[in-house]
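Below is one structure, written out as structure tokens, with a few remarks after it.
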Amino acid sequence: MSKNSEKNIQMENIVSLAKRRGFIYPGSDVYGGLSGTWDYGPLGVTLKRNIMQLWWKMFVDDREDMYGVDAAILMNQKVWQASGHVDTFVDPLCEDTVNHRRFRTDHILKDNGIDADGLTMEQMDALIEEKGIKSPDGNPLSKSRTFNMMFETHVGASTDATSVSYLRPETAQGIFTNYKNVVDNFYPDLPFGLAQQGKAFRNEISPRDFIFRSREFEQMEIEYFVNPENWEEAFDALLADTHKFLEALGLPSEKIHELEVAEADRAHYSKRTIDIEYDFPIGKEELLGIAYRTDFDLMNIQNNAGKSMEYTIKGTNTKFVPHVIEPSFGVERAVMAVLAAAYTEDEVNGEKRIVMKFPEHLAPVKYCVSPLLKNKPELVEKAREVYQILKKKHGNVLWDDNGNIGKRYRRQDEIGTPYCVVVDFDSLDNNDVTIRDRDTTEQKRVAIAEL
Ligand code: ATP
């Protein structure tokens, strides 16, 4: 089997498990779906929240130099004009000249083994012509044009140019527009950061690879404001903190790669960008990015809104517009990396099993409690007692009395429950239970009082 088809099979297995076990469903599935949208089921929403809460704890709660914000998704259209998104947030689009399916030109090149990073649209078109590259359906491709990825909408009852707004394509601008509010309210020492988690929307030309490239997704972003003299120090420190977070997600370090983005490939405002790439089942792809955005965004606001974005060093007359380091994480890509890292196929007593080896602090269900037999009321009663004790303590505890115990274990392995607790007849006499470990499948007796 080729490496590529092996990877596809692994991806298909993860997508299928995600649906079968209630992690992630295709959006609007009952109506035939809506491309590029995904819904989180009961286990997926907990997994996603555990990842987001861990990020918030590590980057906000545990630090003295970070402040949280939660800005509106809809913003004044001037935000997106000033930031450059109205004019330049575009991807190159080409079309199958026969069936009119549309594709991202750089993706067509990539699928044909050509890296299009840093190429202009004209250069991409020239390569397509020179190499005779056809659409995936085997038809000639049109010349490329630019396509703006922002979803446009109207605010209020009128639909003229003044009411135009956009679903935000990144959370960052909601942070920049609140920078001055936080400075005035809290007067933080430099360097300090503002952090935000929330939805972002991009009308991707070809959403693909499960949740990796969606049209609606979530971001976790930090704008870290620094004295321009110290930007390198702050960049390195945030990069190191990012690696600590990825370690806490349980991602193997050998699958994490730093890509120093060349000047030609960087966004126009960035003086340095490092993309963190991960070996996903679909290949090595961007998981997140860290960019030195200079004073680009605050100067834009200062110039366009006519309000000073200067920061005054306490007790001095020294004033300047701070520079910014931006670590930008995609939640869906983090979820996909965690799912892929956890997905394991092994054998227990000669029987194949699928087990999701989530780190314990991310597992959507921490304990599953069962009575050995569900038709023995005394076992059920005792097991309910144990369930209540654990539920009070941990919250994410599941009751499962369906099928035989072997089937329950298989089911819990597939959702990555670290511990299965079983109440049997000995429990009634000894006040203890069996705890089975997900990874080793070893079982031991533990007193209920010690749970
Ligand atoms: P790509 O090159 O893969 O399109 P990007 O460089 O445009 O990504 P950024 O604008 O830097 O992405 O966004 C920051 C992060 O947001 C990305 O690293 C990624 O984790 C996430 N992200 C961006 N676009 C999407 C998307 N369509 N679906 C899911 N996550 C996304």
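Counting starts at 1 for both ligands and their atoms, in listed order. Along the sequence shown, the residues carry numbers beginning at 1.
Checked by distance only, ligand 1 and Leu287 come closer than 3.5 Å through their nitrogen or oxygen atoms. The distance criterion of under 3.5 Å between nitrogen or oxygen atoms is met by Phe212 with respect to ligand 1. Residue-to-ligand polar distances place Ser214 within reach of ligand 1: an N/O pair is separated by less than 3.5 Å. For ligand 1, none of its N or O atoms has an N or O atom of Glu332 under 3.5 Å away. By the 3.5 Å distance cut-off applied to N or O atoms, Ile211 is not counted among the residues near ligand 1.
Heavy-atom contacts of Leu288 reach the following atoms of ligand 1: 18 (O) (cutoff under 4.0 Å).
Counting heavy atoms under 4.0 Å from ligand 1, residue Gln219 touches it through the side chain alone. Residue contacts with ligand 1, taken as heavy atom pairs separated by less than 4.0 Å, involve Arg213 via backbone and side-chain atoms alike.
Closest to atom 18 (O) of ligand 1, if we only count protein heavy atoms, is Glu286 OE2, 2.7 Å. Ranking protein heavy atoms by distance to atom 31 (C) of ligand 1, first place goes to Phe217 CE1, 3.4 Å. Nearest protein heavy-atom neighbour of atom 21 (C) of ligand 1: Gly330 CA, 3.7 Å. Among all protein heavy atoms, the one lying closest to atom 23 (C) of ligand 1 is Arg202 NH1, 3.4 Å.
The salt bridge (charged side-chain N to carboxylate O under 4.0 Å, His left out) check on Glu285 picks up Lys110, with sequence neighbours excluded. Glu204 is linked by a salt bridge (charged side-chain N to carboxylate O under 4.0 Å, His left out) to Arg104, Arg213, counting only residues two or more places apart in sequence or in another chain.
Contact of the Tyr40 side chain with the Tyr25 side chain is not registered, since no non-hydrogen atoms from C-beta on lie closer than 4.5 Å.
Residues Ala340 and Ile14 share a closest heavy-atom pair of CA-CD1, 3.7 Å. The shortest non-hydrogen separation linking Val182 to Leu194 is CG1-CD2, 3.8 Å.
Judged by distance alone, the side chains of Gln412 and Thr417 do bring a donor and an acceptor atom under 3.5 Å apart.
For the pair Lys284 and Tyr278, the NZ or CZ position fails the cation-pi test of under 6.0 Å to the six-membered ring centre and within 45 degrees of the ring normal.
We find the NE2-CG distance between His107 and Asn112 to be 13.0 Å, quoted to the nearest 0.5 Å. With rounding to the nearest 0.5 Å, the separation of NE2 in His323 from CZ in Phe225 is 12.0 Å.
For the ligand labelled ligand 1, residue Asp275 lies outside the 4.0 Å heavy-atom shell.
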